[in-house]
Amino acid sequence: MSYETITIESAEGVGIVTLNRPKVLNALSPQLLAELIDAVTEFDRDPQVRCIALLGSDKAFAAGADIGSMADASPIDMMRSNDFARIERLRELSTPIVAGVSGYALGGGCELAMACDLIIASETAQFGQPEINLGIIPGAGGTQRLTRAVGKALAMDLVLTGRMLSAIEARNAGIVARITAPEAWRDETLAVCRTIATKSPIALQVARDAINAAFETTLTQGIEFERRAFHVLFASDDQKEGMSAFLEKRRPAFTGS
Ligand code: CO8
């Protein structure tokens with residue numbers, strides 16, 4: 001399938017999706033969201049792709065939902081299209097997905113980045129939920145995922161004032177995993193993806209499920225989930241391969257079986 005609002009490429013086990021609406025700072029139109037979800041779903045089905053990178057441009061990861069395309073919408077229009085629910089699909093992927101953020105990650109853009117497994121950010125990155133300035137509130141996890149990541153005080157600050165967080169503040173608050181120099185964000189994101197792509201796909205999938213379970217369960221349930229998941233991995237060829245390779249002092253060759 002050919003896309004108009006994103007570009008895709010793949011190399012060295014990494015599927016790369018780049019948001020590509022530069023004139024509107026990668027504002028997330030319904031078409032862009034549909035193409036994005038289609039592309040990551042295709043990569044998820046491709047056994048050659050072991051990690052997905054989601055990138056924007058130097059100036060903007062994404063400046064939010066496309067304001068022009070929803071300015072005149074009715075509640076029924078919003079319910080019928082339910083476009084913003086699409087980003088929940090990222091959680092269901094079997095393949096890890098890493099956001100590379102430079103410049104603005106605002107509103108739905110911030111929510112989209114937070115829906116990925118981890119965020120690598122340029123020093124220039126700015127995160128925020130400025131929906132309050134438009135007379136609305138975040139609609140794709142900005143009051144929920146953000147609050148779980150940063151706590152009530154900072155979530156209230158961001159959502160009620162609409163102010164932006166610098167990359168350093170975002171890392172200190174737990175939204176961002178790593179910060180890079182302004183010219184290095186793309187390369188660093190792809191390097192992280194290539195590293196992940198060398199690991200066991202089955203162990204990666206189980207690890208993501210276990211970490212995500214920490215947000216949904218009590219500690220006792222989460223520990224139990226983790227222990228059972230740990231036990232189950234001993235049924236995988238990759239566990240045998242990983243441990244044999246260690247003992248034989250060679251690199252493991254994981255197959256995802
Ligand atoms: N939607 C549509 N167009 C946009 C958007 C947007 N979110 N953001 C920027 N643009 C357009 C501008 O209108 C402008 O177009 P034009 O050149 O035709 O005038 C162009 O992009 C460049 O923008 P600016 O001239 O404003 O650039 P600046 O560098 O001066 O400012 C800002 C950059 C600060 C990012 C500014 O553009 C801005 O404040 N943008 C809006 C940010 C915002 O309010 N985002 C929240 C949107 S609502 C939302 O996201 C709800 C989330 C629901 C869930 C979504 C799930 C996916």
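Counting starts at 1 for both ligands and their atoms, following the listed order. Keep in mind that this is a model prediction, so the values were computed, not measured. Each residue takes its place number in the sequence, starting with 1.
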Those residues at least two apart in sequence (or on a different chain) that pass side-chain contact (heavy atoms from CB on, under 4.5 Å) with A173 are V150, L154
For ligand 1, list all ligand N or O to protein N or O distances below 3.5 Å, rounded to 0.1 Å.
unit_1   : atom_1 : unit_2 : atom_2 : d
ligand 1 : 1 (N)  : A65    : O      : 3.4
ligand 1 : 1 (N)  : I67    : N      : 3.0
ligand 1 : 7 (N)  : A63    : O      : 3.0
ligand 1 : 7 (N)  : A65    : O      : 2.9
ligand 1 : 21 (O) : K23    : O      : 3.4
ligand 1 : 29 (O) : K59    : NZ     : 3.4
ligand 1 : 45 (N) : A63    : O      : 2.9
ligand 1 : 50 (O) : A65    : N      : 2.8
ligand 1 : 50 (O) : G108   : N      : 2.8

Less than 4.0 Å between a side-chain N and a carboxylate O, is that true for R50 and E12?
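The answer is no: the pair does not qualify as a salt bridge.
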**Asked** In this structure, which one of T195, L190, I196, T189 forms a side chain to side chain contact (heavy atoms under 4.5 Å, CB included) with V192?
**Response**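 For V192, the side chain to side chain contact (heavy atoms under 4.5 Å, CB included) test succeeds with only one of T195, L190, I196, T189, which is I196.
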Item to complete: Please say which of L106, L25, L54, N26 ends up in a side chain to side chain contact (heavy atoms under 4.5 Å, CB included) with F61.
Response: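 That would be L54; it is the only one of L106, L25, L54, N26 passing the side chain to side chain contact (heavy atoms under 4.5 Å, CB included) with F61.
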So the ring-ring contact (aromatic ring centres under 6.0 Å, His included) pairs with at least one residue in residues 186-231 (sequence neighbours excluded) are F230-F234
With sequence neighbours left out, the residues meeting salt bridge (Lys or Arg N to Asp or Glu O under 4.0 Å) with R86 are D83
